[in-house]
Amino acid sequence: MSSLLANLNAEQLAAVTLPDEPALILAGAGSGKTRVLTTRIAWLIQNGRVSPAGILAVTFTNKAAKEMQTRLSSMLPINTRGMWIGTFHGLCNRMLRAHFRDAGLPQTFAILDSQDQLSAIKRLLKGLNVDDEKYPPKNLQYFINNAKEQGLRPADVEANDDFNRRFVDLYAAYDEQCQREGVVDFAELLLRCYELLRYNDAIRQHYQHRFRHVLVDEFQDTNVLQYQWLKLLAGYGSGNAAAVFAVGDDDQSIYAFRGANVGNMRDFEQEFRVRHLIKLEQNYRSHGHILDSANHLISHNARRLGKNLRTDAGHGEPVRVFQAGSDGQEASWIVEEIRDQIAQGMSRSEIAILYRSNAQSRVIEHALFSSGIPYRVYGGLRFFERAEVKHALAYLQLIENPRNDAAFGRVVNFPTRGIGAKSLEVLQDAARQYNCSLAEAVAYVPGKAGSSLGAFIRLIEQMRAETSRMTLAQTVEYVTNTSGLMTHYQTEKEGQDRIENLQELVTAAQAFVVEEGYGLEALGRMLPANRDAMPALAQGEQDQQVLDPEQLPVVMTPLVAFLTHASLEAGDNQAQAGQDAVQMMTVHAAKGLEFNVVFITGLEEGLFPHENSAMEADGLEEERRLMYVAITRARARLYLSFAQSRVLHGQMRYHVRSRFFEELPEASLKWITPQGQAYGAYGSGSGRQSSERESAWGRDWFKRAEDVPYTGVKPTGGMDTGKNYAEEKRAAATGFRVGQSVFHNKFGEGKIKALEGEGADARANIDFKRHGTKWLALSVAKLDAID
DNA sequence: CCCGATTGCGTTTTT
DNA sequence: CGCAATCGGG
């Protein structure tokens with residue numbers, strides 16, 4: 001028992017062993033937050049204060065939830081699978097599946113991801129003949145999600161003018177459409193679950209009675225609805241409330257733009273009469289200069305709960321600051337520093353390059369690529385979001401529920417079956433006229449269109465029949481083949497990756513069955529793989545008396561579970577792990593991670609802090625928190641850089657260094673002057689700005705941009721700024737440069753993306769308009785420059 | 001129906 | 001500038 005608590009510091013120990021009362025843990029960056037959270041759970045269970053079934057622990061990401069489960073099972077010999085540990089959406093989904101009838105949902109409801117939601121909205125607007133110039137689908141999507149995240153149904157939304165009233169009406173129409181099709185979007189999962197608890201006394205009381213301890217991770221990121229949900233679930237104000245253990249860091253709140261409400265921390269403290277507020281201020285990650293920089297910076301924020309990180313690690317190295325003439329120069333400087341680090345034995349994956357916006361990655365990628373340094377860029381499409389995977393999933397959804405019009409529309413003519421826009425229009429009109437789904441409306445479409453559509457319906461029915469006795473993986477494989485998707489991509493010239501992804505989907509289905517335990521054991525229970533074996537459930541014969549989901553029969557077939565998994569957990573960004581590579585990502589994406597060496601790039605007014613943040617209330621403070629998050633990612637070495645000129649949206653822009661430099665402790669900084677450049681005006685001490693003027697910083701920024709004299713090399717725009725020196729040398733030797741348009745006798749016109757090697761080894765990476773990207777040896781290929 | 005051309009847009013993102 | 005979505009010709 002003592003081993004659980006061993007190695008905890010005094011603050012951590014106090015938090016872990018708090019009595020069963022509401023508590024707020026202010027956990028600074030690198031202070032062992034996850035450790036405290038999981039140890040608390042383990043400690044509660046081990047001391048018999050609560051059974052595993054009496055705990056609910058909630059996070060924002062699947063990654064965090066998984067991490068918590070893994071750590072917990074390493075601390076205690078218990079099976080965490082059945083425990084209520086998950087994301088807000090995952091736990092809500094679980095409750096809604098168990099109580100689908102009370103929630104007013106079909107048993108097999110599908111979950112729309114953001115893309116699906118947007119296309120559902122587009123479809124809705126088209127059907128209602130709404131001018132999508134005046135009511136852009138994106139805006140409506142934002143409006144709907146925003147309302148839902150405030151807990152507002154259409155009837156609750158105040159509309160003070162005709163324009164807004166229209167939005168509210170469309171919101172109502174959208175909800176009706178979703179209900180009709182048996183689909184639920186992300187925000188709806190939460191709102192529907194909230195309403196289930198709110199309006200169903202028996203269910204609410206059941207869960208309130210059951211969960212004695214509710215633990216919340218990243219509490220500063222909760223939105224209004226999530227907090228309301230937590231209050232309801234914890235039985236706030238009932239006299240028998242669960243002990244809510246909220247862990248968060250107001251200084252790391254960086255998601256206001258998507259609804260996070262830091263105010264929830266203050267509200268929680270007051271509403272729950274929190275008597276235990278514990279600050280975890282001991283940092284186990286960063287060296288002194290880095291931590292001093294973080295503390296100093298964040299002290300410029302006005303509204304804080306107050307916290308100061310400390311470390312035993314010693315000062316370490318100073319923070320290195322670099323001023324570049326251009327974005328290209330910044331990139332080549334980064335490359336040089338990284339080369340040095342690698343030469344000194346630093347592992348590439350321990351080096352991270354952070355930036356405020358994704359667009360900044362391009363120049364840096366290019367520089368890394370030309371130098372042959374392996375790198376990995378985070379972000380982009382995830383596995384279950386890829387078009388070909390979504391197509392396959394749509395077929396699977398139609399097997400489960402043919403009324404899913406979104407799925408129907410996605411694949412009715414993919415691969416093409418001669419069902420064009422005209423036919424679909426007729427079908428949609430019929431569906432509207434008879435107030436039924438697209439699949440049901442097929443019966444009313446006459447002629448050739450009708451027979452093509454009929455054939456599609458029969459295809460789906462055939463799939464349903466044929467797969468009813470198959471395993472999940474067999475089903476997925478059968479569907480990718482029978483749908484014609486495989487054949488389609490085989491004939492497409494760039495289809496190889498897509499085929500591999502479809503094969504990967506089969507593998508994922510296989511792995512899912514194993515992981516989720518839908519194996520022989522489940523077959524013995526009630527053959528969930530066999531839908532025909534579940535007549536009682538198919539008729540919705542759920543035992544209303546049994547409230548505990550664990551006592552309910554398996555309500556999800558493996559297929560429904562897999563589809564749910566696909567929506568709720570979009571999968572990894574990229575499979576290309578493996579190689580030891582430099583990590584590149586936005587500051588947002590870096591939250592929660594740590595690296596030995598960190599570069600924070602593009603520290604310029606307008607970029608970081610971002611110019612748009614001046615428009616929003618509290619915008620600058622959020623940017624500062626973002627910078628705080630960025631700084632605290634670094635363990636041993638931190639680099640900060642900015643460029644005087646930068647190509648943005650194809651245009652050269654001139655920037656002044658970020659105000660954040662003025663908010664860092666001079667004693668912890670070491671300014672690096674680029675060779676051959678004076679840097680007087682940018683030295684420390686000049687241009688100090690008082691923080692009281694922050695409110696008008698947008699205008700200030702322009703003024704400063706003019707006021708600050710350039711004593712260094714003033715960028716003149718065009719070629720000679722920001723060139724990688726090595727590249728320049730190469731360009732001189734080969735007569736070619738990156739970005740140059742060239743003509744090849746066989747491949748035609750192309751553009752040079754990269755140059756490598758020298759002399760006889762010189763090669764160029766060329767993106768040909770017609771033939772894709774190729775590496776060509778310059779000594780062999782006959783290339784002509786085009787101007 | 002497919003492909004090339006044109007147009008528009010550009011902060012951050014998980015579920 | 002680079003991309004994604006949409007448009008229009010063959």
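Side chains included, hydrogens not; waters and symmetry mates left out as well; all remaining heavy atoms used.
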Nearest whole Å is fine: how far is C:dA4 P from A:Leu118 CG? 15 Å
Considering residues at least two apart in sequence or located in another chain, which fulfil the ring pair (Phe, Tyr, Trp, His ring centres under 6.0 Å) criterion with A:Tyr628? none
Rounded to whole Å, CG of A:Asn93 lies from P of B:dT14 at a distance of 19 Å
With no hydrogens and no angle check, is any side-chain donor or acceptor of A:Asp217 less than 3.5 Å from a backbone partner on A:Val58? no
At 4.0 Å (heavy atoms only), tell me whether A:Phe60 reaches a base, stays on the sugar-phosphate, or touches nothing. sugar-phosphate
Would you say A:Arg382 places a side-chain N or O within less than 4.0 Å of OP1 or OP2 belonging to B:dT13? no
Let's see if you can work this out: which of B:dT12, B:dC1, B:dT11 has an atom nearest to the side-chain heavy atoms of A:Thr416? B:dC1
B:dT14, OP1 or OP2 - any side-chain N/O from A:Asn62 closer than 4.0 Å? no
Would you please name every residue forming a side chain to side chain contact (heavy atoms under 4.5 Å, CB included) with A:Glu195, sequence neighbours left out? A:Arg153, A:Leu191, A:Arg192, A:Tyr199
May I ask you to say what A:Gln226 touches in the nucleic acid, namely base, sugar-phosphate or nothing, with a heavy-atom cut-off under 4.0 Å? nothing
Does B:dT15 have A:His89 stacked on its base, where the ring centres are within less than 5.5 Å and the planes differ by under 30°? no
B:dT15 phosphate, OP1 or OP2, under 4.0 Å from A:Asn145 side-chain N/O: no
Could you tell me whether the side chain of A:Gln150 and the main chain of A:Ala147 form a donor-acceptor pair under 3.5 Å? no
Can you check the A:Lys591 NZ to B:dT13 C1' distance for me, whole Å? 11 Å
The side chain of A:Tyr255 is closest to which nucleotide in this list: B:dT11, B:dT13, B:dC2? B:dT13
A:Thr601 side chain reached by A:Ile353 side chain, heavy atoms, under 4.5 Å: yes
Rounded to whole angstroms, how far apart are NZ on A:Lys138 and P on B:dT11? 12 Å
Give the intermediate values and the outcome of ring pair (Phe, Tyr, Trp, His ring centres under 6.0 Å) for residues A:Tyr355 and A:His588. CA-CA 9 Å; A:Tyr355 33 81; A:His588 282 93; over 10 Å; no
Give the nucleotide from the list B:dT11, B:dT15, B:dT13 with an atom nearest to the side chain of A:His610. B:dT11
Using the C1' atom on both, measure C:dC3 against B:dT14 and round to a whole Å. 23 Å
Less than 4.0 angstrom between a side-chain N/O of A:Arg362 and OP1 or OP2 of C:dC3, yes or no? yes
Could A:Arg376 and A:Tyr378 be counted as a cation-pi pair, given that NZ or CZ must be under 6.0 Å from the ring centre and within 45° of the axis? yes
Between A:Asn358 and B:dT13, does any side-chain N or O lie under 4.0 Å from OP1 or OP2? yes
Specify the residue among A:Gly418 and A:His588 whose closest nucleotide of DNA chain B lies further upstream toward the 5′ end. A:Gly418
Report which part of the nucleic acid A:Ser567 touches: base, sugar-phosphate, or nothing (heavy-atom distance under 4.0 Å, all strands). nothing
Aromatic-base stack, A:Phe186 on B:dT14, cutoff 5.5 Å, angle under 30: no
To the nearest angstrom, how far is A:Asp217 atom CG from B:dT14 atom C1'? 14 Å
Atom pairs, N/O to N/O, protein against nucleotides 6-10 of chain B, distance under 3.5 Å?
{"unit_1": "B:dG10", "atom_1": "N3", "unit_2": "A:His649", "atom_2": "ND1", "d": "3.1"}

Under 4.0 Å between a side-chain N or O of A:Thr586 and OP1 or OP2 of B:dT13? yes
How many Å lie between CD1 on A:Ile364 and C1' on C:dC1, as a whole number? 16 Å
If only side-chain N and O atoms count, and only distance matters, is there a donor-acceptor pair under 3.5 Å linking A:Thr108 with A:Glu400? no
Got a donor-acceptor pair under 3.5 Å from the side chain of A:Ser613 to the base of B:dT11? no
